[in-house]
Enquirer: 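Handing you this structure, nothing more for now.
What's counted below: heavy atoms across the whole structure, side chains too, no hydrogens, waters or symmetry copies.
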Amino acid sequence: PPSLDALRAAMLATGAGVIGGALLVIAGLSSLLGAELTTQLAGAAFLFALVPALFSWLFSPVLINMMYGCRPDPEVQEVVNRVAERAGMKPPKAVVARASEPNAFAYSSPLFGRYVAVTEGMLRIASREELEAVIGHELGHHKHGDNTVMLLFGLVPSFVYFLGRYLMFAGAYQSDSEERRGGGGALFLLAGVALIIVSVIMQLVVLALSRLREYY
């Protein structure tokens, strides 16, 4: 996008596309299966999508710190404090991740607070100014709530995927147990496959939204 306004518009349009796609899926299923059955399936699919996402949201700092061997670092914390003060925000906890690749990432949870991690590889190659720029980018994720925003949008393709799985199971069960007039089993199977394909497309759109927010 050529400007911040165009970038904001692109993010809004992409987010609206994800939400609109989910509403179209619900409307299509309601016309195919009826509102009552669609509501039951949607409730179950939403729970299956929500539970692992909530677990990740609540406990991701613990898991990430264990996976990457993250440790507090006073010098990196000083840089984070300085950049956060310029950004007008409370500084998150600064840690160093045990990894040779030059990288940095932001993560948080309501239980364990906010973190900015910088890898050992990044510290080896980055100057002080470069490190401040990288940390400023990661603080931007916290300032704009990107972890929460992407968690919410990430629920949508998972929700559609589980809907597709349920329909495939229902179609396979109907086809195996009894022959029904109108080919209900085959119809469910086809609808399930179609929804799984839709979920993949929606996941790509969510990834596009993630890239736009990175750029923002």
Side-chain angles (χ1 to χ4, degrees), residues 1-19 52-158 203-216:
S3 67
L4 276 178
D5 287 339
L7 182 53
R8 292 188 186 102
M11 289 191 294
L12 285 172
T14 307
V18 174
I19 301 301
L54 275 179
F55 180 85
S56 173
W57 183 49
L58 293 174
F59 297 102
S60 60
V62 175
L63 300 175
I64 291 171
N65 289 341
M66 289 175 58
M67 286 172 52
Y68 288 95
C70 296
R71 65 183 190 279
D73 187 282
E75 293 183 7
V76 177
Q77 185 68 63
E78 187 177 324
V79 178
V80 169
N81 293 347
R82 187 164 58 247
V83 178
E85 184 179 3
R86 292 207 300 267
M89 59 183 292
K90 184 179 178 180
K93 302 169 189 175
V95 295
V96 174
R98 191 173 59 242
S100 59
E101 299 85 0
N103 196 11
F105 44 93
Y107 53 104
S108 64
S109 88
L111 295 180
F112 299 97
R114 301 185 301 176
Y115 288 81
V116 166
V118 180
T119 64
E120 294 172 343
M122 177 65 75
L123 293 177
R124 280 196 293 268
I125 68 169
S127 66
R128 189 187 70 178
E129 290 79 9
E130 289 169 336
L131 186 60
E132 286 187 355
V134 168
I135 288 174
H137 172 88
E138 301 307 328
L139 290 181
H141 286 305
H142 286 308
K143 190 169 187 177
H144 297 288
D146 285 333
N147 288 335
T148 302
V149 169
M150 295 314 303
L151 170 76
L152 293 174
F153 277 98
L155 286 173
V156 178
S158 296
Q203 182 61 45
L204 293 175
V205 179
V206 170
L207 291 174
L209 177 62
S210 177
R211 291 301 91 194
L212 288 170
R213 294 191 71 85
E214 289 283 349
Y215 188 35
Y216 182 69

Enquirer: When you measure from the side chain of R213 to the backbone of H144, do you find a donor-acceptor pair of N or O atoms at a distance under 3.5 Å?
Expert: yes
Enquirer: Between N81 and Q77, does any side-chain donor sit less than 3.5 Å from a side-chain acceptor?
Expert: yes
Enquirer: Nearest 0.5 Å please: distance from the CZ atom of R8 over to the OG atom of S3.
Expert: 8.5 Å
Enquirer: To the nearest 0.5 Å, what is the distance between CG (L152) and CG (N147)?
Expert: 11.0 Å
Enquirer: Look only at the side chain of S56 and the backbone of P52, and say whether a donor-acceptor pair between them is shorter than 3.5 Å.
Expert: no
Enquirer: side-chain hydrogen bond (donor to acceptor under 3.5 Å, both in side chains) with E132: which residues, sequence neighbours excluded?
Expert: R82, R86
Enquirer: Below 30° counts as parallel, above 60° as perpendicular, anything between as tilted: where do the rings of F59 and F55 land?
Expert: tilted
Enquirer: Using side-chain heavy atoms (C-beta onward) and a distance below 4.5 Å, is H142 in contact with S108?
Expert: yes
Enquirer: Can you give me every donor-acceptor pair (side chain of residues 111-124, partner residue at least two apart or in another chain, under 3.5 Å) with its distance?
Expert:
| from | atom 1 | to | atom 2 | distance (Å) |
| --- | --- | --- | --- | --- |
| R114 | NH2 | K90 | O | 2.8 |
| T119 | OG1 | E101 | O | 2.5 |
| T119 | OG1 | N103 | N | 3.0 |
| T119 | OG1 | N103 | O | 3.2 |
| T119 | OG1 | M122 | N | 3.2 |
| E120 | OE2 | R71 | NH1 | 3.2 |

Enquirer: Rounded to the nearest 0.5 Å, what separates atom CG in L63 from atom CG in L58?
Expert: 10.5 Å
Enquirer: Check whether any side-chain heavy atom of V76 sits under 4.5 Å from a side-chain heavy atom of V96, and report yes or no.
Expert: yes
Enquirer: Supply the atom-to-atom distance L209 CG to L204 CG, rounded to the nearest 0.5 angstrom.
Expert: 13.0 Å
Enquirer: Would Y107 and Y68 count as a close aromatic pair, with their ring centres under 6.0 Å?
Expert: no
